[in-house]
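All values reported here derive from a predicted model rather than from experimental measurement. Residue numbers start at 1 and run along the sequence shown.
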Amino acid sequence: MYTSILAALLVSSPVSAGEFLISASPDVVPSGRDVGGLNWVRVFNNLEDGGWWMAHHWETGGIPGYNVAPMSEGLAVDMSSRIRLAEWEQTKDHALERCPDGTFLHAYSVNVTNDSARVARYDADWNMTAHGWVEEGVDARAHNDMPLICSEHLQGVAFTNHADFRPTFFEIGTDGSVIATHEMDVRTHISGASFKYDSESDRYLMIANGEPGLSVYWINRDLTTDRSFDIAPIPSLNRHFWPQGLLRVGDYWIVTFLGEEFDGQYLAGDGDVYVAVLDDDFNTVDSIKVSDNTDGSGMGSARPSAARYRDQLLVAWDKGFLPHVSVVTLNLVSLGLDEDDSGFTPPDDTDDSSPCTSDDDDGDTDDDGSDDEGGGVVIGGDQEEDSADDLADLVGDTADDWSEPKTEEGIADDPCEKGCGCSQSQAPPKSTLILLAGMLGLVRRRR
């Protein structure tokens with residue numbers, strides 16, 4: 001069992017919390033070779049192996065880029081199985097999200113002046129399927145620390161405009177190109193923010209830095225702001241910021257963020273890592289601090305993220321070019337879930353067809369007719385001559401296909417028409433819906 005394995009491996013006593021957050025394992029650096037010198041850590045549930053994926057920024061051959069490696073339940077990173085993802089000269093900040101069909105969307109900034117950004121798409125096994133520019137050489141926006149969303153209805157990335165501090169959202173198509181832009185009525189700097197779709201209300205939720213707490217924005221499907229307000233999840237903190245670890249868990253929201261106490265002496269942008277459970281009115285029902293920083297040392301934690309597997313919430317961040325992690329044990333029943341809820345349900349449908357693919361394109365060949373089967377992945381999007389030469393050979397380990405059950409409410413008849421996010425979902429058979437209706441009469445299952 002997860003908890004017993006971690007208890008045997010981690011010698012320090014866990015931090016105790018409350019009804020929803022049962023305990024947290026100590027702040028540790030994962031074991032394994034070459035875990036130093038990396039940052040922009042992001043973590044995901046590794047469904048196939050039962051452990052985790054740890055994505056991270058790492059320079060190879062003088063070229064900075066992004067990578068991902070498996071991490072065991074015992075928090076050991078296997079760098080011998082590390083997969084090279086997108087790379088580009090002067091690559092800086094990264095945002096990475098898992099999409100409902102099990103694939104991944106990645107955005108990253110380019111140049112020390114933050115005037116450019118690119119995106120990449122990967123399949124469920126981290127094979128690159130597309131990449132391209134979002135913007136190149138545009139200094140009107142800050143392209144760093146971007147909130148990214150990959151939902152059934154909307155997929156893309158947002159950046160703050162310098163002139164009015166409001167964001168522009170760039171909708172990304174399946175080929176890695178920008179298919180639409182939207183000016184958002186969000187009145188705060190969104191660097192370090194989170195952006196999720198909430199199926200309960202059929203709206204988007206953005207949580208960003210506030211003064212001194214966090215700013216909550218409920219955003220309609222057309223990207224107009226429904227309402228906004230500020231919260232202070234832990235009132236004793238002098239500052240809340242960087243709420244990029246946002247998950248819907250049962251009846252509650254779990255947000256992972258940085259915080260500073262009133263007497264904190266950290267450098268600007270650093271703090272301790274906190275986890276808070278919020279109800280639908282954004283009242284805090286439980287919270288816990290998971291990092292163990294020394295106040296006044298001049299070094300705190302940065303860029304937290306989180307992933308869940310059953311009752312284990314893996315919280316990760318970087319500090320001084322080292323990844324740090326803590327595993328929080330959740331009370332799934334209190335949160336409104338069954339005890340065996342996995343945290344992510346992979347699609348069951350083996351049909352890999354997509355409504356965004358033309359009839360004469362079976363998904364196995366590029367526009368030039370080259371076959372991507374067996375060898376490296378054929379990468380779509382724009383590719384300049386001075387880019388990294390080996391981008392076309394960046395592949396993962398396998399080539400399993402994933403697809404996604406369809407939720408038809410609110411989706412245009414043509415899921416690939418401009419501005420819909422090119423959802424690749426498919427309708428479930430009517431027999432499946434009847435079976436589900438029958439099962440609901442026999443057992444009560446939350447979310």
Side-chain angles (χ1 to χ4, degrees), residues 1-10 14 21-36 38-58 66-85 94-99 102-106 122-127 148 150 194 244-249 254 256 273 275 290-291 301 303-319 322-330 332 340-346 396-398 400 402:
M1 193 63 189
Y2 245 68
T3 307
S4 60
I5 293 173
L6 288 169
L9 289 172
L10 304 177
L21 307 174
I22 297 174
S23 63
S25 68
D27 169 355
V28 297
V29 175
S31 62
R33 66 174 179 85
D34 295 335
V35 297
L38 55 87
N39 52 9
W40 284 289
V41 172
R42 299 288 183 267
V43 289
F44 299 93
N45 177 340
N46 186 345
L47 302 170
E48 182 177 350
D49 298 329
W52 311 96
W53 287 111
M54 175 176 283
H56 54 277
H57 181 92
W58 178 270
Y66 214 52
N67 309 263
V68 66
M71 184 168 67
S72 71
E73 298 177 7
L75 306 181
V77 182
D78 180 11
M79 288 300 186
S80 64
S81 300
R82 177 162 53 193
I83 301 169
R84 184 71 163 170
L85 302 176
H94 299 269
L96 182 67
E97 289 287 342
R98 175 179 260 150
C99 308
T103 62
F104 296 89
L105 179 62
H106 174 205
Y122 314 104
D123 66 16
D125 298 297
W126 301 106
N127 300 294
L148 183 76
C150 197
S194 54
Q244 280 195 323
L246 178 64
L247 298 90
R248 179 74 171 184
V249 182
I254 294 183
T256 302
V273 181
V275 178
V290 297
S291 63
S301 303
R303 293 175 285 272
S305 66
R308 181 174 72 88
Y309 178 69
R310 294 185 178 174
D311 65 345
Q312 304 294 290
L313 180 75
L314 177 67
V315 183
W317 63 95
D318 48 86
K319 173 185 172 183
L322 279 173
H324 286 246
V325 294
S326 172
V327 178
V328 178
T329 300
L330 307 175
L332 292 186
D340 61 349
D341 186 277
S342 68
F344 179 79
T345 304
D397 296 329
T398 60
D400 294 337
W402 294 64

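- The two residues Ala306 and Leu313 make their nearest non-hydrogen contact at CB-CD1, 4.1 Å.
- Although no hydrogens or angles enter the test, the distance criterion places a donor-acceptor pair under 3.5 Å between the side chain of Ser25 and the main chain of Val327.
- Tested against Asn67 for a side-chain hydrogen bond (donor to acceptor under 3.5 Å, both in side chains), the candidates His56, Arg84, His57 yield a single pass: Arg84.
- Using a 4.5 Å heavy-atom threshold, the side chains of His324 and Ser301 count as separate.
- Between the side chain of Arg33 and the main chain of Val35, no donor-acceptor pair closer than 3.5 Å is present.
- Residue Gln312 comes nearest to Trp52 through the heavy atom pair O-CH2, 3.7 Å, listed as atom of the first residue, atom of the second, then distance.
- Under the 4.5 Å side-chain criterion, counting only non-hydrogen atoms from C-beta, Phe104 is not in contact with Cys99.
- Between Tyr66 and Trp40 the shortest heavy-atom distance is OH-O, 2.6 Å.
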Requested in this report: Mind running side-chain contact (heavy atoms from CB on, under 4.5 Å) on Val68 and Phe44 for me, showing each step along the way?
Outcome: CA-CA 10 Å; Val68 66; Phe44 299 93; 5.9 Å; no
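- Judged by distance alone, the side chain of Arg98 and the main-chain N or O of Asn45 form a donor-acceptor pair under 3.5 Å.
- Between Asp318 and Leu38, the closest side-chain pair of non-hydrogen atoms is not below 4.5 Å.
- Side chain of Asp311 to main chain of Leu332: no donor-acceptor pair is present (N/O by atom type, distance under 3.5 Å, no hydrogens or angles).
- In terms of heavy atoms, Cys150 sits closest to Glu97 at CB-CB, 4.2 Å.
- Exactly one of Thr256, Val290, Val41 qualifies for a side-chain contact (heavy atoms from CB on, under 4.5 Å) with Trp317. That residue is Val290.
- Among Arg303, His106, Arg42, the single residue meeting the side-chain hydrogen bond (donor to acceptor under 3.5 Å, both in side chains) criterion with His94 is His106.
- Nearest heavy-atom pair, Met54 versus Pro30, reported as atom, atom and distance to 0.1 Å: CE-CG, 3.9 Å.
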